Amino acid sequence: INMAASALCSMRTLLRTRAPITNIVSCHKLSIVPIRFKATEAPAATDAVEKLSKIRNIGISAHIDSGKTTLTERVLYYTGRIKDMHEVRGKDEVGAKMDSMELEREKGITIASAATYTTWGDTNVNIIDTPGHVDFTIEVERAMRVLDSAVLVLCSVGGVQSQTLTVDRQMRRYNVPKIVFINKCDRPGASPEKCLKQLRQLLRYNAALIQIPMGLEDRMEGIIDIIEEKAIYNDGTKGESIRKEDIPANYAEEAAQTRVALIEALADCDDEIGELYLEEIIPTVEQIKAAIRRQTVARNFVPVTIGTALKNKGVQTMLDAVVDYLPNPTEVNNIALDADQDEKEIALDSIDPAKPFVGLAFKVEKGRFGQLTYVRTYQGTLRRGDFIFNSSAQGKKVKVPRLVRMHSDEMIDVQEVHAGEICAMFGVDCVSGATFCGPNQNLVMESMFIPSPVMSVSMKPKKSSDLDAFSKVIARFQHEDPTFKVHTDHESKETIVSGMGELHLDVYKERLSREFNVETVTGQPKVAYRETISAPAKFDYTHKKQSGGSGQYARVIGEIYPTNMEEDGESELSEEERLACNFTDSLVGQNVSKSYVPAIKKGFLEACEVGPLTGHRMIGVNMAISDGQEHPVDSSEMAFKAAGVGAMRTAAHNAAPIILQPIMKVEITIPENYQGGVVGGLNKRQGNVMDSTGLDGYTTITAEVPLSQMFGYAAELRSSTQGKGEFTMEFSKYEPLNPGDQALLIKKYQEDLKKKSVD
């Protein structure tokens, strides 16, 4: 141990003094094979492999107002894709290229993800710019599902924020490698070191800076590449010219220390760098870059770049990092399930263009002249005029009438696309998440995770003459956005729309007015309460009906019991599993035929849609069937389904049912002198302050607040902070409603039922 410690100390000294190296040993290359990504050893040198190695599919994601769209605008300008740069919010009456909707330019936020493509050097880069607001998180979700890698953008002042954590979870869900770009280093209070610390502590990244800024805030001159040890300046009126010089003397020590930290971080995860480190050998530039690429692709390391997109610094070097360190399509293991072979896993081949086509439709947009379907191609070649099969719709055969590549809202016609590319089909009708295959295939790819809506309002057109147009547009929105749900209340006969938050629903209301000239009226917001049980309950339920001729008979015996809704973060159950309703077949013997079990399960799940207390959907309930009885003549699937419904409803009343309310994680940023008033307001709204941090005169408060208490909070915050405060919120969890509020909800529900029965 002492010898190893001595070697480490000597290595640090050697790296800092930059002593000449005369003995460089050859080291083996590391091949890490994670779940999704292949080892980075170069495959056979074929034309297809060479072409695919020059493709990067990236998403640009971040917390709201971190500069994603501004960064994308600079990327498009510096790569020659657009002729001039414009700002968000349409300040110059043009607006950023990727914000094509009028609402986006007016509000200064990205509402819908936008795809484009460009070229950096000899590498083709497909880009999806995603929203940062939690209300539009589905756009990030489906982008992460089909992309090979991502750029996570941080504000150098805000650091890791609430939506950053959400985006990180989405990247982890789909095993997406990433680099980080710390943006807005020109802002007062900028601190890349704070951002790096938060990346390591809050997101648990093995992250290290590969660049440092030369000055911060209004003194920022450029950046330093600590790998190649060069100072980089952006010259020209728009930073289009790159000038490299030796590192200024006043930054030499900081650059050397940061380089040591980078090598130490790589030594923790890369065998080659680790061996060099222990042998006190300074790795070459090529060895460092190769190690960064290996471990970034394997998701063991996250390189961090620096810049300010608004002031045109660091964007080109970020693009270099995208090309150097993020994977190409050949380095990604994509799996499909063969529906004809009991969902056997099939590895897709992105290299051979002669293989049958396989692609995933990850986004759809309905237009006046037809549907635009965004597709990521995984195998084979797709040509205009080809016939392909929708495996998600019983193999429906469709023709590709038009094939395009998207540049924001512009469509550029192409004749064919190959594996690893992102395109769009015009005129093909399908749903988001559909898998398309070539002939003689029945492959299905895993779709994306769809979060449940948390807020509902009633909505109707102001004019009865607009009812037909209203219905068509609402159906279109629901088809495009899986988190936008519409249903008719069977008692009030009102149209209820549900979404991810106030902004989400407000945007659709405004789109109805602006794009389709349909003015609407909305009712009071409704909270998506849920119901569950807090104790187990046994049941022995018999469904018996006789009305002449064959009757209905089914008996089911078993138990319902709750999933522990209070599982902590260390639980093996995911959030989705804790909220699910699960059915277990524990039948022993021949009293109930196995053919009736699916009908019992169907009845159980149907009963879970309406809770016993207030009619809200039930979650976290498990049913286990242990016995039962059937009749040789009167038993049927219909009878056992009815028995499943009746057993669940009867047992739920005896299982201590409770109402659950959605709890939101709220992050508020305010000038520090308003902290007392804002915390007091949160307490009045039954909020629980979890954390409070201050920096440069501003305070960031993190709290958990019931969604029912958050309506109208935007106006209150503006009033209490003189318009200087801002907040974001996202769904955190469900927790039991307090007994008093639960009794009020039950009473109101029963009164509404009585009123409607009288009517």
Side-chain angles (χ1 to χ4, degrees), residues 15 58 60 62 66-67 71 74-75 78 120-121 149-157 159 177-187 190-200 205-217 219-235 239 241-266 283-293 295-296 301-326:
L15 288 167
I58 67 169
I60 298 182
S66 294
L71 174 62
R74 269 58 182 173
V75 167
Y78 293 137
W120 184 243
S149 54
V151 177
L152 179 62
V153 182
L154 296 185
C155 170
S156 62
V157 179
K178 67 195 74 68
I179 66 171
V180 170
F181 180 71
I182 299 179
N183 194 21
K184 300 190 176 184
C185 289
D186 59 310
R187 282 188 56 188
S191 176
E193 286 296 330
K194 179 196 75 172
C195 294
L196 180 63
K197 184 177 180 180
Q198 291 178 339
L199 287 170
R200 291 171 173 170
Y205 289 170
N206 178 23
L209 295 169
I210 61 173
Q211 301 163 1
I212 59 172
M214 288 188 286
L216 289 170
E217 303 178 357
R219 303 182 303 277
M220 187 175 183
E221 304 174 57
I223 64 172
I224 294 174
D225 182 340
I226 64 167
I227 300 175
E228 296 188 354
E229 298 179 292
K230 290 291 182 181
I232 300 174
Y233 302 87
N234 289 82
D235 295 333
S241 300
I242 296 294
R243 173 167 52 92
K244 294 186 179 182
E245 295 185 359
D246 292 336
I247 298 175
N250 55 326
Y251 291 109
E253 183 178 354
E254 180 186 357
Q257 292 174 350
T258 308
R259 199 173 199 269
V260 170
L262 169 64
I263 293 173
E264 289 175 347
L266 287 172
T284 65
V285 170
E286 291 73 21
Q287 287 173 322
I288 293 174
K289 287 187 172 184
I292 292 175
R293 179 173 179 77
Q295 302 310 323
T296 301
F301 180 75
V302 179
V304 181
T305 60
I306 300 288
T308 166
L310 186 63
K311 296 300 177 64
N312 309 320
K313 292 180 174 65
V315 177
Q316 294 97 323
T317 50
M318 183 276 293
L319 277 170
D320 290 338
V322 166
V323 173
D324 290 341
Y325 307 129
L326 293 180

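All figures in this text were calculated on a predicted structure; none of them were measured in a lab.
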(request) Taking the side chain as every heavy atom from C-beta outward, state whether L216 and P192 have any atom pair closer than 4.5 Å. (result) yes
(message) Would you say that V302 contacts L152 through its side chain, given a criterion of any heavy-atom pair below 4.5 Å between the two side chains?
(response) no
(message) Less than 4.5 Å apart, side chain to side chain, heavy atoms only: is that true for M318 and L71?
(response) yes
(request) Could you pull out the closest heavy-atom pair between N312 and Y78, with the gap in Å? (result) CB-OH, 3.0 Å
(request) List the steps, then state whether side-chain contact (heavy atoms from CB on, under 4.5 Å) holds for V323 with L319. (result) CA-CA 6 Å; V323 173; L319 277 170; 5.8 Å; no
(message) Test your reading of the model: is there a side-chain donor-acceptor pair from R243 to the backbone of Y233, 3.5 Å cut-off?
(response) no
(request) Can you measure from CG (D186) to CZ (R219) and round to the nearest 0.5 angstrom? (result) 12.0 Å
(request) Nearest 0.5 Å please: distance from the CD1 atom of I210 over to the OG1 atom of T258. (result) 12.0 Å
(request) List the atom of T296, the atom of P303, and the distance in Å for their closest heavy-atom pair. (result) OG1-CD, 3.3 Å
(request) To the nearest 0.5 angstrom, please state how far the CD atom of E228 sits from the CD atom of Q211. (result) 10.5 Å
(message) Any non-hydrogen side-chain atom of T305 less than 4.5 Å from a side-chain atom of Y325?
(response) no
(request) Any chance you could measure Q287, atom CD, to I263, atom CD1, to the nearest 0.5 Å? (result) 10.0 Å
(request) First locate atom CD of Q257, then atom CD1 of I226, and finally report the distance between them rounded to the nearest 0.5 Å. (result) 11.0 Å
(request) Keeping to residues at least two apart or across chains, list the side chain to side chain donor-acceptor pair (under 3.5 Å) pairs with something in residues 190-200. (result) none
(request) Please report the shortest heavy-atom distance between G159 and L154, naming the atom on each side. (result) O-CD2, 3.8 Å
(message) For a 4.5 angstrom cut-off between non-hydrogen side-chain atoms, does T308 reach K184?
(response) no
(message) As a test of understanding, state which of V304, V153, L196 forms a side-chain contact (heavy atoms from CB on, under 4.5 Å) with V180.
(response) V304
(message) Any non-hydrogen side-chain atom of N183 less than 4.5 Å from a side-chain atom of S66?
(response) no
(request) Please lay out, stage by stage, how L262 and F301 fare under the test side-chain contact (heavy atoms from CB on, under 4.5 Å). (result) CA-CA 10 Å; L262 169 64; F301 180 75; 3.6 Å; yes
(message) Restricting to non-hydrogen atoms, name the atom on T317 and the atom on G314 that form the minimum distance, rounded to 0.1 Å.
(response) OG1-O, 3.0 Å
(message) I need the minimum non-hydrogen distance between M220 and K313, along with the two atoms involved.
(response) O-CE, 3.5 Å
(message) Using only atom types and a distance under 3.5 Å, with no angle test, would you say the side chain of D324 pairs donor to acceptor with the backbone of R293?
(response) no
(request) May I ask you to test the I179-L326 pair for a side-chain heavy-atom distance under 4.5 Å? (result) yes
(request) Please report the shortest heavy-atom distance between C185 and A190, naming the atom on each side. (result) O-CB, 3.6 Å
(request) For Y251 and G215, indicate whether the former's side chain and the latter's backbone hold a donor-acceptor pair under 3.5 Å. (result) yes
(message) Walk me through whether M214 and I224 qualify under side-chain contact (heavy atoms from CB on, under 4.5 Å).
(response) CA-CA 7 Å; M214 288 188 286; I224 294 174; 3.5 Å; yes
(request) Start with the C-alpha distance between R259 and I288, add both sets of side-chain angles, then the distance that settles side-chain contact (heavy atoms from CB on, under 4.5 Å), and finish with yes or no. (result) CA-CA 10 Å; R259 199 173 199 269; I288 293 174; 3.5 Å; yes
(request) Please examine the side chains of N234 and K311, heavy atoms only from C-beta on, and report whether any two atoms are closer than 4.5 Å. (result) no
